[in-house]
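Only one structure is covered here, and it is reproduced in the block below.
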There are 2 protein chains.
Amino acid sequence: MKTELKEAYGFLFENELLEEIAECGTVRKIDAGERIIEFGDYVTGMPLLLNGAIKIMREDGDGDELLLYFIERGDTCAMTLNCCMGQTKSEIRAVAETDTTMIMVPIAKMEEWTARFKSWRNFVFESYHNRLSEMLDTIDTIAFLNMDQRIMKYLRDKAKINRDENVQSTHQQIAYDLHTSRVVVSRILKKLELDGKIKLHRNQIRVIDL
Amino acid sequence: MKTELKEAYGFLFENELLEEIAECGTVRKIDAGERIIEFGDYVTGMPLLLNGAIKIMREDGDGDELLLYFIERGDTCAMTLNCCMGQTKSEIRAVAETDTTMIMVPIAKMEEWTARFKSWRNFVFESYHNRLSEMLDTIDTIAFLNMDQRIMKYLRDKAKINRDENVQSTHQQIAYDLHTSRVVVSRILKKLELDGKIKLHRNQIRVIDL
DNA sequence: AAAGCTTTGTAACACTTGTTACTGCCCTTC
DNA sequence: GAAGGGCAGTAACAAGTGTTACAAAGCTTT
């Protein structure tokens with residue numbers, strides 16, 4: 001664990017802090033597709049991603065979903081930060097996009113580290129900064145792009161996160177993530193295929209040129 | 001200024017910090033409608049709102065706009081925080097919604113206070129927290145609501161921020177804020193009037209029951 | 001290979017939102 | 001009070017997206 005920790009966070013934190021994290025944190029391994037945090041859960045610790053990727057979703061009262069953004073190694077979930085500090089319920093759902101390893105840090109340590117370590121403060125601020133930027137990006141996407149463009153962006157992002165030009169998704173899955181209907185997704189994907197931008201297969205979409 | 005400062009932030013900050021803010025901050029008064037920060041500006045200081053309200057907008061490459069949220073007294077702009085710490089350009093536009101008074105604090109002080117004052121740290125975190133929540137709310141609005149509901153929410157929010165059931169806006173203005181067209185706004189407003197929810201006047205909309 | 005399930009393709013239609021065009025109203029200015 | 005500019009109302013149409021319904025294709029299980 002220490003090796004991985006150092007690999008992912010060594011350039012961010014001083015040794016003393018790394019030691020403390022290693023000491024009081026617990027490693028948690030999660031399989032792709034597993035739910036990590038559910039809407040309304042109380043958050044008991046703060047996750048530091050070692051590898052893998054996590055998908056953050058929003059859900060409204062009627063059970064409608066929307067993908068917000070992905071989180072990768074060297075990152076934490078600022079929403080979780082939020083919940084930790086405010087002792088409030090989670091406003092989002094977190095699902096493992098790929099097999100994922102993370103270190104869970106007890107909330108109690110956070111306040112202490114914030115006072116003691118400048119690098120920790122910077123990390124937390126940086127984290128908030130990144131999250132706000134992602135949220136702005138998400139807003140741009142749903143406010144200014146039409147569905148064709150949103151689907152293209154989705155496929156690009158997903159291919160990048162998984163480091164694989166073959167995106168493993170059903171049309172229904174994509175529809176859920178983008179908060180639209182399966183038929184709409186199928187229709188647009190077919191058009192993208194005719195334009196030579198993608199190649200469609202069962203449960204899989206190959207990104208050619210988006 | 002000290003009185004106002006204490007009024008707005010006294011319950012948040014200890015006296016020593018209040019003194020320092022009063023010492024190194026400069027008061028800035030802004031008329032309603034005036035632009036405070038423009039997309040792409042470098043941010044030179046951090047604003048602490050004493051009274052009034054500020055409208056935060058997003059703009060895409062084609063000049064299309066979208067209202068993100070409002071900021072009120074006792075608040076700061078986390079986007080500005082973001083820019084300050086990251087030394088990056090502003091990703092948003094800030095316009096005074098009403099006549100506004102704020103204290104501008106030089107960036108240099110921020111880092112220092114973050115280390116020295118727990119209350120300042122909490123304030124900054126709280127601020128980020130609020131901003132993320134607002135952004136989530138904004139996303140919910142544009143992702144899950146249709147235009148009728150968005151316009152109703154807009155009028156409710158605007159009436160609340162201005163503490164006036166008579167919202168002073170043209171239909172064109174609303175169309176800009178919601179990133180739609182004037183005709184659409186007029187059409188929906190007329191329907192809301194027929195439903196007895198609002199009363200339309202020139203340059204003014206009276207909120208009756210939304 | 002037959003049955004049953006999931007996934008995808010497609011047509012036809014409905015609804016929401018955006019666009020264009022024109023009209024009349026209100027306010028300001030001369 | 002005449003002229004001009006900004007604002008609002010409305011119709012007709014276009015485009016985008018969502019819905020329903022059904023058929024076909026592909027995979028899994030038996």
Side-chain angles (χ1 to χ4, degrees), chain A residues 33 59-60 62-67 139-155 158 166-208, chain B residues 33 60 62-67 138-155 158 166-208:
Chain A
E59 189 181 301
D60 79 345
D62 303 338
D64 294 325
E65 299 188 334
L66 181 75
L67 167 65
I139 288 176
D140 285 352
T141 303
I142 54 181
F144 299 131
L145 300 187
N146 58 23
M147 200 47 82
D148 309 36
Q149 298 169 299
R150 287 180 60 195
I151 288 184
M152 286 194 274
K153 177 169 158 48
Y154 176 88
L155 292 174
K158 194 121 171 170
N166 294 300
V167 173
Q168 311 286 336
S169 300
T170 66
H171 300 184
Q172 181 63 67
Q173 200 75 48
I174 298 175
Y176 283 140
D177 283 355
L178 298 184
H179 187 239
T180 179
S181 81
R182 198 272 308 168
V183 180
V184 170
V185 173
S186 292
R187 182 196 292 156
I188 291 175
L189 284 178
K190 182 50 77 181
K191 190 166 148 288
L192 291 179
E193 186 178 41
L194 290 177
D195 290 352
K197 295 180 195 295
I198 58 175
K199 185 88 182 76
L200 296 177
H201 305 276
R202 190 184 170 83
N203 294 321
Q204 191 190 90
I205 300 161
R206 180 141 124 270
V207 172
I208 296 172
Chain B
D60 79 345
D62 303 338
D64 293 325
E65 300 188 334
L66 181 75
L67 167 66
T138 304
I139 287 176
D140 285 352
T141 303
I142 54 182
F144 300 131
L145 301 186
N146 58 22
M147 200 45 82
D148 309 34
Q149 297 169 300
R150 287 181 59 195
I151 289 183
M152 287 195 274
K153 177 169 157 49
Y154 175 88
L155 292 174
K158 193 121 171 168
N166 294 300
V167 174
Q168 310 286 336
S169 299
T170 66
H171 299 186
Q172 183 63 69
Q173 204 92 47
I174 298 175
Y176 283 140
D177 283 355
L178 299 184
H179 187 239
T180 180
S181 80
R182 198 271 308 167
V183 179
V184 170
V185 172
S186 293
R187 182 197 292 156
I188 292 176
L189 284 178
K190 182 49 74 179
K191 190 167 148 287
L192 291 178
E193 186 177 41
L194 290 176
D195 291 351
K197 296 181 195 297
I198 59 175
K199 186 88 182 73
L200 296 177
H201 305 276
R202 192 185 170 83
N203 295 322
Q204 192 190 89
I205 299 160
R206 178 141 125 270
V207 172
I208 295 174

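Each chain gets a letter, A, B and so on, in the order the sequences are listed, and its residues count up from 1.
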Exercise. For D:dG9, does either OP1 or OP2 sit under 4.0 Å from a side-chain N or O belonging to B:His171?
Worked result: yes
Exercise. CD1/B:Ile188 to NE2/B:His171 distance, rounded to the nearest 0.5 angstrom?
Worked result: 11.5 Å
For this session: Heavy atoms only: give me the nearest B:Val207-B:Ile198 pair and the separation to one decimal.
Result: CA-CG2, 4.3 Å
For this session: Heavy atoms under 4.0 Å is the rule here; annotate nucleotides 11-18 of chain C 5' to 3' with B where the base is hit, S where only the sugar-phosphate is, and - elsewhere.
Result: BB----BB
Exercise. Does the side chain of B:Glu65 reach to within under 4.5 Å of the side chain of B:His179, using non-hydrogen atoms?
Worked result: no
Exercise. Taking all atoms of both residues into account, what is the closest heavy-atom pair of A:Ser181 and A:Ala175, and its distance?
Worked result: C-CB, 3.6 Å
Seminar exercise, completed: Looking only at heavy atoms, the pair that brings B:Tyr154 and B:Ile174 closest together is CE2-CG1, 3.6 Å
Problem set entry | Reference residue A:Ile139; test side-chain contact (heavy atoms from CB on, under 4.5 Å); the match among B:Asp60, B:Ile142, B:Thr141 | B:Ile142
Under 3.5 Å between N/O atoms: give me all the protein pairs with nucleotides 23-30 of chain D, atom names plus distance.
none

For this session: Answer with base, sugar-phosphate or nothing: what part of the nucleic acid does A:Leu189 contact at a heavy-atom distance below 4.0 Å?
Result: nothing
For this session: For residues A:Leu189 and A:Ile205, determine if any side-chain heavy atom of one lies less than 4.5 Å from a side-chain heavy atom of the other.
Result: yes
For this session: Determine the minimum heavy-atom distance between A:Thr180 and A:Met147, stating which atoms define it.
Result: CB-CE, 3.6 Å
